[in-house]
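Here is how names work: the chains are called A, B, and so on, in the same order as the sequence lines, proteins then strands, and each is numbered from 1.
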Amino acid sequence: MPPARPSATPGPSTAPTKSPVGDALYEWARGTEEPGYVFTQHELLDSGLVPKNDLIILLEATRYLVSRRLFKAHDIKGQAGIGYELVEEAAAANYGGLSSDEQMVYAAIDSSGTAGIWTKTIKAKSGVHAKVLDRVYKSLETKGLIKTMKSVKHPQRKMYIRSGLTPSEEATGGTWFNDGRLDIGMIEAVTSAIEAYCSIASWKIAEDDPEDDYLNLKRKRPDDGFDEEGKGKQQKLENGKIDMPKPKTPPQYVPIQPRYQGYPTLAHISQELMNKKITQLAIPNNALQQVLDVMIYDNRLHKVNRDARADETPDDPDHNQIFMYRCFTNPAILGQQRNRHNKIASHSYSARRAQEIEDIGRGGFSEVPCLDCPIFDICGDGGPVNTKTCIYLPEWEEKMERADHEAGAAWPLVQTGRKTQPNR
Amino acid sequence: MTTSPAFQRLCCELVEDHYGDFYRSIFECLAFGGRLSAPQVAQKCHLPLRQARSGLAGLIQLRLVHHHTPRDAQTIYSADLNNAYDIIRTGRLIEAAREHHGDIAAQIVSTACRLGFATISELRDRLLCDDTETETGTTIEQLVDDLLEDHFLIRLRKAHFGEAHDIRRQVELNLLSPQAIAKLTGTKAKAEHAGNIEREYEELVHTSKAEHGHVNGDYVKQARKKQSNGVNGVSTNGHSTQRSTLVQPNPHKVVALAQSRLVGELARKMHGKRAAAVLVSAIRQITDPDVWSKLPASHVHGIDARQLRFGANIELNKVSDNEARHTNGKVNGYLHEVDEDLAEGDIDRELMFLTESNFHFLTGDRSMWQIEKGAFDEWVRKEETLRVMDSRLEPPSPRILRILVDKGKLEERTLQEIGLLGAKELRQSLSLLKQMGYLDLQEVPRNPQRMPNQTVFLWSHEAGRVQSLVLEGVYATLCKMVQLLNLERAKMANTLSKIEREDVKNKEEEMLAPAEFILLQRSRKTESWVWGEIHRLDSTVAILRDT
C-alpha cells in the first residue's frame, strides 16, 4: 500500500489530534517570540525540532497547531510561502467549545483587531445565513467573547469587536469622541481654558498712572473722606479704626512688545491643561493640535512663528519653526463676553441685543430682511410677493423703531393701526 | 462693466428716483437695448425724435449716457450703468467733503453732483448766486483745488464721455490704419502696438495728467498738438485755463472710505485705535484716486513716513472726538489716550504689531514699510466676503467656510476630522451652504458607472463666484430699498407736496396737523433707516466690485 499522504489543504476534518512535534514547536515559538510574531517556514525548520527537517512532518505539526488555533496562517507579503502567526494560548482557548459557525464568525471578528468588523462583512466572509448569524452573535456575546462597537465614520453600521480589545482611534474618533459622538462639552471646556490661558499670556497689565481720572475707574478719595458708616463690608482693625474696602479697579491690558517670542506653544498649552486638570487623562499632542487649528479657524487664536531653539522639536521641520499661539482678545473682554453669554442663556433681552449689535458691527448687512428672506428669488414687480406686499419689511421697521428708542431717540412711537402680521 | 439684470434694474430705479420717469424711460431703453442711435431710441421709447434727442442730451450732461460717433456713421449712445449706480454715493461723498473740508466744500460737491459736471467758474458762479452764506470766489477756487487734490473732484476729459473700448479703438485707428493693423505680424510687433495703444489711452483718460498746463508745461504743448477744438479748450492764459477746467464729482472716493473703514475696524478690534489710525493713514497712500487712474495690482507702494505720522494723528484725534461723544473711550483694554500724538517710534511699533497679525499686505521694518496693492485688494475683498457670509450663518458654518478657503477642495470625511464636527451637523451645514451658493460640490467618479458609493465628493469654495453671487443679492436688495423709498413717498405724497409750499417750508410743526406731522416724522425716520441700509450695502459693493 502506498504510504498515507497528508491532504494538500488541511482542515479540521483532516487535522491530526496529537502532534508532539507541534507541541514542541509551539513551546519553542512561545519562548522565542511574543504572540503576534509571524514565523516563516525556514524559521520553524531552523528551530531544530523537526526531525530531519522533513517538510511533511512540519506540515502535520503546523496543521495541528492551526486546528487548535495556536498558529494562524498568513500569506507573507513579498515572499512566496505561508507564514504562521503565534497566538496566545488564552486567545486560542476561546475557540474551544464553539460550533463551526461560531468559530468562523469569531475568527472573522478576531482577525479585524481593534478596527472592528461590520456585520455585512462577516456575512460575506462566512457565507452563513442571516438567522444563523443572529444566533451566533447572541451566543458569542453571552459567552463574553465579542461586544458591539460604534464607529464614528459609519454611525449606522452594526459592528463587533473582540471583547478584550479597545476600539482604535480611527473607529472611536479619537480623544474628542465619546461613545461614537463628538463630546462638545469637553471641547468647549478645553477651548475655553486654552483661550483664557493664551489671552493672559498675550497681554500685559498696564502700569497704573496716578494721574488718570474716572477713565481709569479709580475713585479719588474726597478731602473730607468717605461716609464711613453703612457702606460695604467694614472691618474693624485692632486699633479700633474702620478699614474701608478699596473699590475694585479692573486691570487695563496692553499688548506685549512687538516680536515677542514668549507666546504659548503647544507644549506650554498641554502643560497648562494638565496643571489645571481640565480633563482626567492627558490630551495627546495630535488631538491638542487639532483643537488649536479649529480655534484658529474660529478666529479665537492666531498662529505666530519663531525659530526653534536647539532644545526644541520644531513644529515645521522644513523651516525649523515653532508655532506660538496668541489671542487678540484681552482677558477683560473675554470675561465680558462670557458674562454676556451666560446672560443670554438666561434669556436677558438686553444681553441678546448687545450681542446682536456686536455681531453685526457697523456693517449692518444682516439687518435688511431681504437677504435672509426665504422667498427672495421670487420677489419682484408684478409677482405675488413684492415690496408693497412684503410682510417682513413692516416687521423690520418696527424693530428699527424699538432700536431707536433703546438708543434714546427723541421722537414718539406711533401706532399706525397696522394689523398683526400673520405667522410666516 | 456689470450687466446683471438686477444691476440694470437698480440703475433704472435710481435714475427714475432722482431724475424722473422721462429720463428713466430713455435710460432703460439704452440699458436693456444696448448701443442705439437716436432714431432707434425714439422708436423704442415711443417719443418724437426731438424729445429723444433732448433727453439724451440731458443724460449726457448728467454723465449717465456715453456717446460715440464712428467715422462716417451715426452717433450711437450707450447707458453708463456705473455712473448711474454712483448716484447712490453722492450723499456720502458730500458728507465726506463736509467732514474733511467744511460746509462750503460740501456745497461745491453738491452743486457738481446736481450739474453732473461743470467748469470751475460755473461752480463758483452758482455758489455765489445761491442765497446761502458763501465766501468769495477766490476761496471757492481754493477749495476746488483742495477738493481736486483730495480726489473729491476729478478733472473731466473729453475721452471720459465715451466708452473705454470706443476710446481704445479710436486710439488704435489714429495710430495705424485698419490695413496696417491687419498686416502686423510677430508677437513683438503686436506687443509694441498694444503698448503704444495703452500709452496713448492713458494720456487721454488719466486724470492726473491735466490738459491745461496745470502740471507740466511740456505736456501742454503735446496736448495742443493732439487736440483741436475739444470741450476742454486750451488757452495760453493760465488763470482762465484753470477756470475753464471741467470737473466732476468722484464717487470712487467713497470706495476709498469704505476700504479704510473696513481695515480700520478690523485693526481696532485686534490692536486698538492707535494701530487702526496708523493703518488707515497708510492705506490712504495707496488707494486709487479715481476709476480712470487705478494703480496696477503689482504696484508695491513705499509708505511715506512723514505723511503717515501726520495722517495717523489726524485720524486718531478724529476717533478720539467720536469716542468722547459716544463711549468712555476704552477699546480692547486700551487706556483712553486722547491727547497723546503718535511719535515716530510709536508708528513703527504699531506697524510691527500689525505685521504680526492678519494684515499680510503690510511688510517692512523700521521706517521702511510698504504695501502691495494687489495683496491689499485681495485681502480686503476676502475679509468683506467672509464678513458678509459670517453675518448670515450660524456656527459651525463659518468654520467650515474658513477651512475650505484655507485648504481648497476637501472630502466630507476630511472636513469632519479637521473641523472637529459631528457627521450630522457637518452634513446639515454643508447642505445649507450649498443651498446658499457659498460652496461647490464636485463629483469624482472612481469607475465609469459613476456609482454613488464609488464616487468621491469634493467640497470647495470659489471666491470669485461667491463674490458675484453676493453682489447680485446686494443689487436686488438695493433695488427693493429704492422701491421702498418710493412707496413711502407715495404714501406721504399729499403731505410732501404740502410741505414744499413756501408758506409751510420750515414751519411744518406749526402748519401741519399733529397727527400728520407725526406721520411725516415717521416717514422721514423710515427714509433715514432705508438710506442707512442702502449705504451699508453700498460699502459692500464698493469693496467687492470697485476694489
Evaluate the side-chain contact (heavy atoms from CB on, under 4.5 Å) criterion for residues A:F376 and B:K480: first the C-alpha distance (whole Å), next the side-chain angles of each, then the deciding distance (0.1 Å), finally the verdict. CA-CA 11 Å; A:F376 178 73; B:K480 292 179 199 338; 3.8 Å; yes

Can you tell which part of B:T477 gets under 4.5 Å to a heavy atom of chain A, answering side chain, backbone, both or neither? both

Does A:E397 reach the side chain of B:V530, with side-chain heavy atoms less than 4.5 Å apart? no

At what distance, to the nearest 0.5 angstrom, does CD1 of A:I187 lie from CG of B:L420? 4.5 Å

Distance in Å, B:M270 CE paired with A:R326 CZ, rounded so as to fall on 0.5 Å steps: 7.5 Å

Check each atom of A:K388 against the heavy atoms of chain B and say whether the ones under 4.5 Å are side chain, backbone, both or neither. both

Can you confirm whether more than 12 heavy atoms, excluding those of B:R489, are under 6.0 Å from its CZ atom? yes

Counting only non-hydrogen atoms closer than 4.5 Å, does B:E417 touch chain A with its backbone (N, CA, C, O), its side chain (CB onward), both, or neither? both

Is it the backbone or the side chain of A:D377 that comes under 4.5 Å from a heavy atom of chain B, or both, or neither? neither

Give a yes or no on whether B:K424 atom NZ has more than 12 heavy-atom contacts from other residues, nucleotides or ligands under 6.0 Å away. no

Heaviest contributor of heavy-atom pairs below 4.5 Å to chain A, chosen from B:L484, B:I403, B:V405, is B:I403

Inter-residue atom distance A:L393.CG - B:E488.CD, 0.5 Å rounding: 10.0 Å

Quick one: ring-ring contact (aromatic ring centres under 6.0 Å, His included) partners of A:Y325, sequence neighbours excluded? none

Check each atom of B:S357 against the heavy atoms of chain A and say whether the ones under 4.5 Å are side chain, backbone, both or neither. both

Between CZ of B:R402 and CD1 of A:I296, what distance do you get to the nearest 0.5 Å? 12.5 Å

Quick one: does A:R259's side chain get under 4.5 Å of B:T355's, heavy atoms only? yes

Mind checking whether B:E356 and A:H302 have side chains closer than 4.5 Å, heavy atoms only? no

Heavy-atom proximity to chain B below 4.5 Å, by part of A:C373: neither

Name the region of B:N358, side chain, backbone, both or neither, that has any atom closer than 4.5 Å to a heavy atom of chain A. both

By ring-ring contact (aromatic ring centres under 6.0 Å, His included), A:Y297 pairs with (sequence neighbours left out) none

Please look at B:L421 and chain A and tell me whether the side chain, the backbone, both or neither of the residue comes under 4.5 angstrom of a heavy atom of that chain. backbone

With a 4.0 Å cut-off on N to O distance, would you call A:E401 and B:K525 a salt bridge? no

Residue part contacting chain A, namely of B:R413, when any heavy atom lies under 4.5 Å: side chain

So, the part of B:M436 with a heavy atom under 4.5 Å from chain A: the answer is neither

Could you give the distance from CZ (A:F328) to CZ (B:F353), rounded to the nearest 0.5 Å? 10.0 Å

Which bit of B:L487 comes within less than 4.5 Å of chain A, counting heavy atoms only: side chain, backbone, both or neither? side chain

Region of A:I256 in contact with chain B, defined by heavy-atom distances below 4.5 Å: backbone

Measuring from atom SG of A:C390 to atom CD of B:Q483, what distance do you get when rounded to the nearest 0.5 angstrom? 11.5 Å

If only atom types and distance count, is the side chain of B:H271 paired as donor or acceptor with the main-chain N or O of A:P255 below 3.5 Å? no

